[in-house]
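All remarks here apply to the structure that follows.
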Amino acid sequence: MKTIYKNLLSILFAASIIISTLCLGASMVSSAADAEQMEVHFIDVGQGDATLIKCGEHAMLVDTADASKGTAIQNYLKKQGIQKLDYLILTHPDADHIGGAPVIITKLEIDKVFVSNFEKDNKTYQKLIQALDNKRLKAVTPKVGAEYLLGTAKITILAPDREYDNPNDASVCFLIQNGENRFLFTGDAEEKAQEELLSGKPDLSADVYHAGHHGSRTSTTEEFLEAVKPTYAVISCGEGNSYGHPHAQTLNLFRTNGISVFRTDEQGSIVATSDGKEIVWNCSPSTTWAAGEPTGSSKSNSTKEEPKEVSEAATYICNTNTKKFHVPECASVRKMSEKNKRKVTLSRDEIIAQGYVPCRQCNP
Ligand SMILES: [Zn+2]
Ligand SMILES: [Zn+2]
């Protein structure tokens with residue numbers, strides 16, 4: 001009799017745990033029917049990242065591009081009627097992500113500031129700390145697994161769960177879900193960090209993938225993409241950026257997986273609107289599949305990121321109109337109209353065989 005009673009008690013106990021877990025789960029994720037409208041604005045900030053997410057009356061900003069873009073982002077937010085941010089997430093302390101933060105921190109009211117656990121010892125970083133101090137704001141590194149609400153949307157922190165010796169890998173990664181629509185952000189996390197993220201086997205599936213590290217080939221492996229299975233990828237990068245973002249290999253991976261790609265260097269600011277069930281875009285996906293070309297000389301970039309990418313990009317740039325070809329650094333490439341520009345990875349002889357003549361200025 002006693003054992004039956006004991007068993008009954010433990011069954012009741014287990015059932016109550018299951019029920020309370022279910023209730024908790026249901027209260028955390030609003031159903032598609034209850035979801036408010038969520039807008040994700042991938043702001044065109046040249047080479048860098050800045051994404052505004054609005055849900056109902058609530059707003060958050062993910063990264064702030066470089067220092068020259070702080071005021072432009074502030075104006076963008078102003079036009080969107082935003083005076084207050086529930087969250088400011090600075091994925092990692094590289095200049096193209098935190099440079100504009102002092103302006104935003106100074107001008108807007110902010111509830112919570114989330115940062116990577118990677119600290120830097122340079123002017124850009126010190127300016128951020130100073131701005132936070134002035135506003136008496138304390139930035140924290142959010143814990144992996146922590147959840148936050150933005151209106152009806154739920155943010156789940158995915159990384160970093162340890163320290164890295166490279167700022168990109170230490171990026172704060174998170175998923176934001178509104179109803180059934182999921183958006184994944186991984187900052188500039190590269191292969192190693194993305195692999196570790198995968199090994200924890202969280203549910204990374206997302207409708208929209210904010211392409212890691214500006215579409216660089218150091219992020220987004222096949223395995224990672226397989227886990228995310230996005231319908232759309234958004235690449236935030238600057239037109240003619242010196243790093244060669246986005247990389248041909250990454251674009252090919254998107255293309256062969258049938259993923260629609262949006263890019264700020266071609267389409268300007270991109271807005272995805274989620275009603276909890278469907279996502280609509282303010283523009284059509286890119287059709288160029290044009291890879292970036294690293295030059296190492298773009299003055300819009302003060303941060304030295306990845307010179308190692310130089311080797312695999314376009315060898316020459318052809319002008320389909322004048323039938324001349326140039327080295328990627330040639331001044332006339334910058335003036336060339338996009339529709340005449342063709343990036344090739346052929347040898348000099350192969351291009352000449354196609355009827356092109358070498359430019360007389362850059363002597364390719
Ligand atoms: Zn970056
Ligand atoms: Zn970075």
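In each ligand, atom 1 is the first atom listed, and ligand 1 is the first ligand listed. Heavy-atom basis, side chains included; hydrogens, waters and symmetry copies ignored.
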Just wondering, is there an N, O or S atom on His92 that's nearer than 2.8 Å to the Zn ion (ligand 2)? yes
Side chain proximity check, Arg182 to Ser205, heavy atoms < 4.5 angstrom: yes
The Zn ion (ligand 1) and Asp188: any N/O/S contact shorter than 2.8 Å? yes
Identify, with sequence neighbours excluded, every residue that meets salt bridge (charged side-chain N to carboxylate O under 4.0 Å, His left out) alongside Glu266. Arg263
For residues 51-59, which side-chain N or O atoms pair as donor and acceptor with protein atoms under 3.5 Å away, sequence neighbours left out?
from: Lys54; atom 1: NZ; to: Gln80; atom 2: OE1; distance (Å): 2.7
from: His58; atom 1: ND1; to: Asp86; atom 2: OD2; distance (Å): 2.7

Do you know the tightest heavy-atom contact between Phe118 and Pro93? O-CG, 3.3 Å
Pick from Thr218, Thr186, Thr250, Asp94: which one makes a side-chain hydrogen bond (donor to acceptor under 3.5 Å, both in side chains) with His213? Thr218
N, O or S from His213 under 2.8 Å to the Zn ion (ligand 1): no
Have a look at Asp94 and say which of its N, O or S atoms is nearest the Zn ion (ligand 2). OD2
The Zn ion (ligand 2) to nearest N/O/S of Asn168 less than 2.8 Å: yes
Return yes when at least one N/O/S atom of Asp96 is nearer than 2.8 Å to the Zn ion (ligand 2), and no when none is. no
Is there an N/O/S atom in Asp49 at a distance below 2.8 Å from the Zn ion (ligand 1)? no
Ring centroid separation Phe114 to Tyr148 under 6.0 Å: yes
